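Notes for the one structure printed next.
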Amino acid sequence: GSSVLSSMATTNPAAIAAVPFGAFGEEVSVLSDELLQKLITVQAPEAVRAYGKAAGSEDKDVLYLRIDFQSILKIDNLNSFVGLRKLQLDNNLIEKIENLDALVSLEWLDLSFNHITKIEGLSKLTRLSELSLAHNRITTLEGLLGLPSLDVLSIGGNQIESVEEPILYLRQFKHLRSVNLAGNPLCSQPTYPAFALAFLSVKYLDFRRVNEEARAAAVVKYTDRLEVIQAKEAEEAETLARSNTEATEDQKYADACVKGLNGGDNPKFLRTFLDPEIDKLRPIPGIHEILTTFLTMAGTRLKAAGDLGLAQRARRAHEADELAAALKAGREDVRTASIALIDAFTAHKRQLHDEILDSSAGPGTRLEEIRAHLQQAKDALLGLEIELVSNTEDAIRRFERSYADLTSSFNEQIQATFGEIRDGEATMHKDLTDVASLFLERFLKGEIENALELPDSLIGVLNDKTTLTNLINGTHDTHLLAIDTKEDEILSSANRELENVVATLQEAEHKRNRSRVAEICDLIGRELDELSGLDDM
């Protein structure tokens, strides 16, 4: 039996798919729509046993699916099951974990007893808490990253040999409480039990509850190694926390249309602003002071621009919140008035309907009276909707003007800020030119003390005035381009935000209006159908 399994594992998947039967003579299956519907129908509770269009059920409504012992070669055709929480694919012929990205609600996955050699294709399953990959052909645990909720892992009966690598890898899963590695070659190594107990905080190991006395003894045995690893993990955690904080700050400023202006008086934009070529001139007395003066001035201006961006963002958000509240209130008023209209019509209809049933003369004028009232209700409901659309459009236009005023004011202040920075850069350029040119004259005259100690990078540009001038002018052009690019980026971002906010509001209103009109027409249609039935009485 084992030789047959080995031969299947090395067979080309395309070749397997090309033949109708597997290595054991069983028919190979494809995860088709027909097979899925058959399995769902069999497994569904009685209340939803009639899975399909007639029952109104959809693939997204399926929460649990068992596809075991089906001789499946490939995971496929599951993208529509986005609500799936438990998926059982054990005891098949699967060789690769794939096509699961859409199953973002999955919490429990069983892929045991297959032919899988590598852990992959799981990074999108961030809610997955229980995973079984037992009895496959896996040699390493790499591929589990992206599963922050992992709680139970069963990967016994595979081909994992190293003791330390997989154990240390599993330390990153902070919620892990149960691990099964039994049946892997590593379990036969004498260091395995103590090492696993010392470095994993799980409650269950290889299907057995951890003995806390045994764990304490293992921790003592590996104390020195454990302290080193814990110190490294603490440092990595601190670095990650700083990185996350920085990323959050970056995003906050980007959302405020002032990307790169965070960082206080030394904003990120300025940290890479200076052309590296200018560093060649730093040994010249006075150059460092010129650069520092500019950077200090620019840092102050850009910090103020960043603060302005955050403040304006808050004001724009407040405007949006006020609009949302006003629109919600208007829709609620229309909803209340619409309910009153429908209730009045329904009460009148019920009264006339009862009169029709009590009368031996037939529907007569009462039916026409119901139709007339229905037409009045329709006109009133559509009238309310037309008025709501008009009021909403007016509110959005007022909001757009106010938002545009805020954006215009912001843009004007940004342009003024970058105008000052350009002026400062022009002053820096002139001062650099003057100081460097004077130093060059003295250098060529041999008046510089310790000239032989100057770095080669500076001496290379002191050969003649043209070389020096070209360097300074080149950095000037680079700086101006950087200033222009950043200014355009900020202004374009602010203008795009205005366009996107208004477009989103208008699209949402158009969608709501279409839905509401369709709802009214559907209501009137149902009432007319009912009246047609009374005509036949």
Side-chain angles (χ1 to χ4, degrees), residues 242-279 287-323 399-432 474-504:
R242 285 198 302 268
S243 177
N244 289 339
T245 300
E246 185 175 337
T248 301
E249 187 79 353
D250 288 346
Q251 190 59 51
K252 181 174 74 172
Y253 276 77
D255 291 341
C257 305
V258 283
K259 180 180 179 181
L261 301 194
N262 52 307
D265 292 328
N266 183 27
K268 283 193 167 184
F269 168 64
L270 279 187
R271 296 173 195 176
T272 57
F273 173 79
L274 291 178
D275 189 327
E277 285 292 297
I278 208 74
D279 289 336
I287 294 294
H288 178 75
E289 289 73 15
I290 293 172
L291 298 176
T292 300
T293 298
F294 168 76
L295 292 175
T296 300
M297 179 278 298
T300 301
R301 301 296 189 279
L302 291 175
K303 180 182 182 302
D307 293 342
L308 170 68
L310 295 179
Q312 289 279 44
R313 168 73 172 179
R315 289 186 63 187
R316 295 194 298 270
H318 179 69
E319 292 273 346
D321 290 343
E322 285 191 334
L323 174 66
F399 168 79
E400 183 178 8
R401 286 195 295 271
S402 177
Y403 210 96
D405 289 342
L406 287 173
T407 301
S408 176
S409 173
F410 171 73
N411 288 348
E412 288 175 3
Q413 294 180 71
I414 289 296
Q415 289 170 328
T417 295
F418 278 88
E420 292 178 347
I421 294 175
R422 280 192 197 85
D423 292 343
E425 202 287 330
T427 299
M428 177 178 70
H429 174 250
K430 179 180 181 303
D431 292 344
L432 288 173
T475 60
H476 175 58
D477 293 340
T478 300
H479 296 158
L480 289 180
L481 177 61
I483 293 169
D484 292 345
T485 301
K486 177 54 68 174
E487 181 184 23
D488 290 343
E489 175 191 286
I490 292 175
L491 296 177
S492 298
S493 178
N495 292 332
R496 276 197 309 273
E497 182 185 73
L498 170 61
E499 295 170 2
N500 292 339
V501 167
V502 173
T504 299

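Positions are given from 1 along the sequence. These numbers come from a predicted model, not from an experiment.
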- Task: Assess whether side-chain contact (heavy atoms from CB on, under 4.5 Å) is satisfied between H479 and H429, documenting all intermediate values.
- Result: CA-CA 10 Å; H479 296 158; H429 174 250; over 6 Å; no
- Task: Assess whether salt bridge (Lys or Arg N to Asp or Glu O under 4.0 Å) is satisfied between E425 and K430, documenting all intermediate values.
- Result: CA-CA 9 Å; E425 202 287 330; K430 179 180 181 303; over 6 Å; no
- Could you walk me through whether L261 and I490 pass the side-chain contact (heavy atoms from CB on, under 4.5 Å) check? CA-CA 10 Å; L261 301 194; I490 292 175; 3.8 Å; yes
- Report the C-alpha separation of Y403 and V502 in whole Å, then their side-chain angles, then the decisive distance to 0.1 Å, and conclude whether the side-chain contact (heavy atoms from CB on, under 4.5 Å) test is met. CA-CA 9 Å; Y403 210 96; V502 173; 5.8 Å; no
- Task: Check the pair D431 / I287 against side-chain contact (heavy atoms from CB on, under 4.5 Å), numbers first and verdict last.
- Result: CA-CA 8 Å; D431 292 344; I287 294 294; over 6 Å; no
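Checked by atom type, the side-chain pair T475/D275 shows no donor-acceptor distance below 3.5 Å.
Ion pair R316/E319 not flagged as a salt bridge, since none of the NZ, NE, NH1 or NH2 atoms sits closer than 4.0 Å to an Asp/Glu carboxylate oxygen. Using a 4.0 Å cut-off between charged side-chain N and carboxylate O, E249 and K268 make no salt bridge.
Nearest approach of S409 to Q312, heavy atoms of both residues: OG-NE2, 4.0 Å. Considering all non-hydrogen atoms of both residues, N266 and R271 come closest at O-NE, 2.9 Å. Residue Y253 comes nearest to D307 through the heavy atom pair OH-OD1, 4.3 Å, listed as atom of the first residue, atom of the second, then distance. The two residues I421 and M297 have their closest heavy-atom pair at CA-CE, 4.3 Å. Of all heavy-atom pairs between P267 and G299, the closest is CD-CA, 4.0 Å.
F410 has its side chain within reach of V258: a pair of non-hydrogen atoms, C-beta onward, lies under 4.5 Å apart. Using a 4.5 Å heavy-atom cutoff, the side chains of T293 and M428 are not in contact. Side-chain contact check for E497 versus C257: some heavy-atom pair is nearer than 4.5 Å. Contact annotation: the side chain of T427 never approaches that of D423 to less than 4.5 Å [non-hydrogen atoms, C-beta and beyond].
For E322, the side chain to side chain contact (heavy atoms under 4.5 Å, CB included) criterion is met by H318, not counting sequence neighbours. Q251 is linked by a side chain to side chain donor-acceptor pair (under 3.5 Å) to D255, counting only residues two or more places apart in sequence or in another chain. Take R242 and apply the salt bridge (Lys or Arg N to Asp or Glu O under 4.0 Å) test, not counting sequence neighbours, and it matches E238. Remark: D477 pairs with no residue by the side chain to side chain donor-acceptor pair (under 3.5 Å) rule, at least two apart or across chains. Partners of E487 according to the side chain to side chain donor-acceptor pair (under 3.5 Å) rule, which considers only residues two or more places apart in sequence or in another chain, are R422.
Residue pairs satisfying the salt bridge (Lys or Arg N to Asp or Glu O under 4.0 Å) criterion with at least one member in residues 401-412, sequence neighbours excluded, are absent.
Residue L491 holds its CG atom at 10.5 Å from CZ of R496, rounded to the nearest 0.5 Å. The structure places CG of L481 at 12.5 Å from NZ of K486, a figure rounded to the nearest 0.5 Å. From D488, atom CG reaches atom OG of S493 across 12.0 Å, with rounding to the nearest 0.5 Å. Separating the CG atom in L295 from the CG atom in L270 is a distance of 6.0 Å, to the nearest 0.5 Å. Rounding to the nearest 0.5 Å gives a distance of 11.0 Å between CG of L302 and CG of N262. Distance check, rounded to the nearest 0.5 Å: CZ of F418 to OG1 of T485 gives 10.0 Å.
Judged by distance alone, with hydrogens and angles left aside, the side-chain atoms of K259 form no donor-acceptor pair with the main-chain N or O of E489 at under 3.5 Å. Of the possible donor and acceptor atoms, none in the side chain of S408 sits under 3.5 Å from a partner among the backbone N and O of A404.
Heavy atoms from other residues, nucleotides or ligands lying under 6.0 Å from NZ of K303 number 12 at most.
Under the 6.0 Å cut-off for aromatic ring centres, F294 and F273 qualify, their centroids lying closer than that.
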